[in-house]
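In what follows, a structure is listed as structure tokens, so that the remarks can point back to it.
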Amino acid sequence: MANEAQTQIINDLVIDRNEDFIAKSEQLKPELVRETVMPQNFVEVVADPAVIHGWRAQAIEPQAGQSYGKGDEFILDFGTHQVGYVSMKIRPVGSPPDAPLSLKLTFGEMPVEMAEPFSEYDGWLSSSWLQEETIYVDVLPARIELPRRYSFRYIKFEVLDTSRKYRVAFDDIQCQTVTSADPSRVIPLQHKDSLLAQIDQVSIKTLQDCMQDVFEDGPKRDRRLWLGDLRLQALANYETFQNNDLVKRCLYLFAGVPDDRGKIMANVFIAPSLIPDDIYLFDYSLLFSTTLHDYYFATNDKETLVELWPSAYRQIELALERLDEHNIVKDDKSWWSFIDWHQELNKQAPSQAVLIHAIKRAIEMAKVLGSDKQAFLEERLQEIVTATITHLWDEEKGFFVSGAEKQISWASQIWMALAEVLEPEENRQLMNRLLSEKPEIVLTTPYMYHYLVEALIIVGEKEKAVEQLKAYWGEMIHDGADTFWELYDPNNKDFSPYGSYLINSYCHAWSCTPTYLIRKYNL
């Protein structure tokens, strides 16, 4: 730790702040690119059982000189997903206004958010994430600039009340979008496959809307810097916007607020000041090391590698403490590893593979630095790989097993393939066996689908990787995605781990990686 380190207690979490790192992150804070966007159409939302969530938006012709009174409503479509600040002019029509205007605004990324009332939401995440406002305008005419940033495509206007003497009309409704991504830096992709070209563009738009002061996980929810999302966003960024200073900023933010044992938390808040969340995830902390590795080999920024190497190495050390006497990750109620949202997924085997994956990348960084940790890491890697094959590989079934019940899941095989625990040909056979036998514990997020596609590429099955990419993200586009979603199960399109699809994020960072996969691997 630097001399400027100081201890801070937040709730029950003891934080060892590194003020040097925090200062560097502030110096890297980006300028936001702004653009004014106008609505494209008036729409109505109609029930349609053939579309996702049962609602679709269709354009309608507005009435010339339309004004609105108590009980009237209309919906605007901005044409595609927007992240920014909304403003409008409101003027009275008829007699002078003798009472305030009461106006309700509902913002939605999907048509369903315009159709199903938020009052019926009954999920376990806070309903305050649902984007709606009721405002009162005392003096008309007025220009209204809403202070909150919204993530939306549609806005529903509901005039709750005026008075019997006047109505209102709306002019100059617009959104000033914000992003730290510069679209001019993206090299256009000329692809002979029109679907892959479309997937690439939607991926880029997803990443763009999540690039703000940091790489947010989602501009609607949680609007936070998460390590799992950061790793994937950074990969996509290297192939597109190349805002590498934003990756660097995020790495310093995480390294600036570890706990008193050096643990890097799964996510951080940056406002009103830098505060780490109290969530520690086994796999996400290891992804700090992996993300630093990726950053160095994308940028050759050795100064940053030197400064952040101790933080990265510490995550490996802490993970090694979780191994039992057989060098297998202990699986009990005292830990949390994310991996994927499937409620029945046992995390032991995939977490073991994430550790192996991270150690291999730590060894590459140690070689660059000439670190005395290299020999130790290489020795531990061999021991852990041997233990993994001895205790987690089921030769008869041809799969890695996880936990006391010896669960066979997609996630376990994918991460073992990415970690290259088996020999190359055995690795290829493992992934092909996975696709043919289809274990019951499936994937639930684009986050894990990214790793499925990349694992297929790693084992040399590029055609099958393209098939999976098109089947998953292409189907999302078929279902109306103009940015890619946090959650998507083609076999259960209403899936939400939060209890309601209304609270799902429909522009989400970990979904943006097809552009990386397509461009990096020449798919």
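We use all heavy atoms of the structure for the numbers below, so side chains are in, but hydrogens, waters and symmetry mates are not.
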Donor-acceptor side-chain pairing of W55 and E113 below 3.5 angstrom: no
Main-chain N/O of P30 paired with S180 side-chain donor or acceptor, under 3.5 Å: no
Donor + acceptor pair across side chains of D340, T445 (<3.5 Å): yes
Test item: D72 and R167 side chains (from C-beta on) under 4.5 Å apart, heavy atoms: yes
Side-chain donor-acceptor pair present, T206, S203, cut-off under 3.5 Å: no
Pair N504-S496, side-chain donor/acceptor within less than 3.5 Å: yes
Mutual orientation of the aromatic rings belonging to F157 and F170 [parallel < 30°, tilted 30-60°, perpendicular > 60°]: perpendicular
CA sep, side-chain torsions, deciding dist, call: E26, R249, salt bridge (charged side-chain N to carboxylate O under 4.0 Å, His left out): CA-CA 7 Å; E26 284 303 301; R249 165 172 159 80; 3.6 Å; yes
Electrostatic pair R149-E216, nearest N-O below 4.0 angstrom: yes
Q233 side chain near N237 side chain, heavy-atom distance below 4.5 Å: no
Ring-face cation of R221 near Y498 (centre distance under 6.0 Å, axis angle within 45°): yes
W226 side chain vs F215 backbone, donor-acceptor pair below 3.5 Å: no
Side chain Q407, main chain E344, donor-acceptor under 3.5 Å: yes
Any donor-acceptor N or O pair under 3.5 Å, side chains R56, Q58: yes
E440 side chain reached by W410 side chain, heavy atoms, under 4.5 Å: no
Check: N244/T299 side-chain N/O donor and acceptor closer than 3.5 Å: no
Close side-chain approach of L227 and F254, heavy atoms under 4.5 Å: yes
Any donor-acceptor N or O pair under 3.5 Å, side chains Y85, Q174: no
Test item: R153 side-chain N/O and H81 main-chain N/O as donor-acceptor pair under 3.5 Å: no
Sidechain-backbone polar pair: K89 side chain, D171 backbone, donor-acceptor under 3.5 Å: no
Distance-only polar pair, side chains of E133 and Y150, donor-acceptor under 3.5 Å: yes
pair D294-V247: side-chain heavy atoms closer than 4.5 Å: no
Atom of V459, atom of A417 and distance for their closest heavy-atom approach: CG1-CB, 4.5 Å
Under 3.5 Å: donor-acceptor pair, side chain of K347, backbone of F338: yes
Rounded distance [0.5 Å steps], CG in L225 versus CG in L246: 8.5 Å
K104 vs E132 side-chain heavy atoms within contact, under 4.5 Å: yes
Short N-O contact, D209 and K205, less than 4.0 angstrom: yes
Straight-line distance of H191 NE2 to L189 CG, nearest 0.5 Å: 6.0 Å
Among E454, E239, H450, the one residue meeting side-chain hydrogen bond (donor to acceptor under 3.5 Å, both in side chains) with Y516: E454
F288 side, atom CZ; C250 side, atom SG - distance, nearest 0.5 Å: 11.0 Å
Heavy-atom pair with the smallest gap, counting every atom of L253 and S25: CD2-OG, 3.2 Å
Atom OH of Y136: over 12 foreign heavy atoms under 6.0 Å: no
Sidechain-backbone polar pair: K462 side chain, Y521 backbone, donor-acceptor under 3.5 Å: yes
Residue D122 excluded, over 12 heavy atoms near CG under 6.0 Å: no
Identified ring-ring contact (aromatic ring centres under 6.0 Å, His included) partner of F107 from the options W129, F118, F152, F78: F152
Side-chain donor or acceptor of N41 paired with backbone N/O of A59 under 3.5 Å: no
Parallel, tilted or perpendicular, as decided by the 30° and 60° cut-offs, for the rings of H357 and W415: perpendicular
Derivation and outcome, side chain to side chain contact (heavy atoms under 4.5 Å, CB included), residues L101 and L140: CA-CA 8 Å; L101 163 66; L140 293 168; 4.2 Å; yes
Check: D277/N267 side-chain N/O donor and acceptor closer than 3.5 Å: yes
Within 6.0 Å of NZ in K493, more than 12 heavy atoms from elsewhere: yes
E109 and S151: side chain donor to acceptor below 3.5 Å: yes
N432-K464 side chain donor-acceptor pair, cut-off 3.5 Å: yes
Salt-bridge criterion met for D229 and R224 (N-O under 4.0 Å): no
Residues R143 and S87: side-chain donor-acceptor under 3.5 angstrom: yes
Criterion ring-ring contact (aromatic ring centres under 6.0 Å, His included) against Y447, the qualifying member of W341, F484, W510, W485: W510
Rounded distance [0.5 Å steps], CG in L523 versus CG in D193: 10.0 Å
Between CD on residue E475 and NZ on residue K470, distance to nearest 0.5 Å: 13.0 Å
A115 to V45 - nearest heavy-atom pair and separation: CB-CG1, 3.8 Å
Y280 versus S285, side-chain donor and acceptor atoms under 3.5 Å: yes
Flag for D494-H53: side-chain donor and acceptor within less than 3.5 Å: yes
Side-chain H-bond candidate by donor/acceptor type, D479 with Y488, under 3.5 Å: yes
Any side-chain donor near an acceptor of the partner, S102 and D161, under 3.5 Å: no
Minimum heavy-atom distance L435-Q468, with the two atoms named: CD2-NE2, 3.7 Å
Donor-acceptor pair, side chain of S412 and main chain of S409, under 3.5 angstrom: no
Side chain to side chain contact (heavy atoms under 4.5 Å, CB included) assessment of T106 paired with Q131: CA-CA 6 Å; T106 304; Q131 300 178 109; over 6 Å; no
Sub-4.5 Å side-chain heavy-atom contact between I60 and V43: no
Non-hydrogen atoms of L232 and C512 that approach each other most closely: O-SG, 4.4 Å
Between CD on residue Q82 and SG on residue C175, distance to nearest 0.5 Å: 5.5 Å
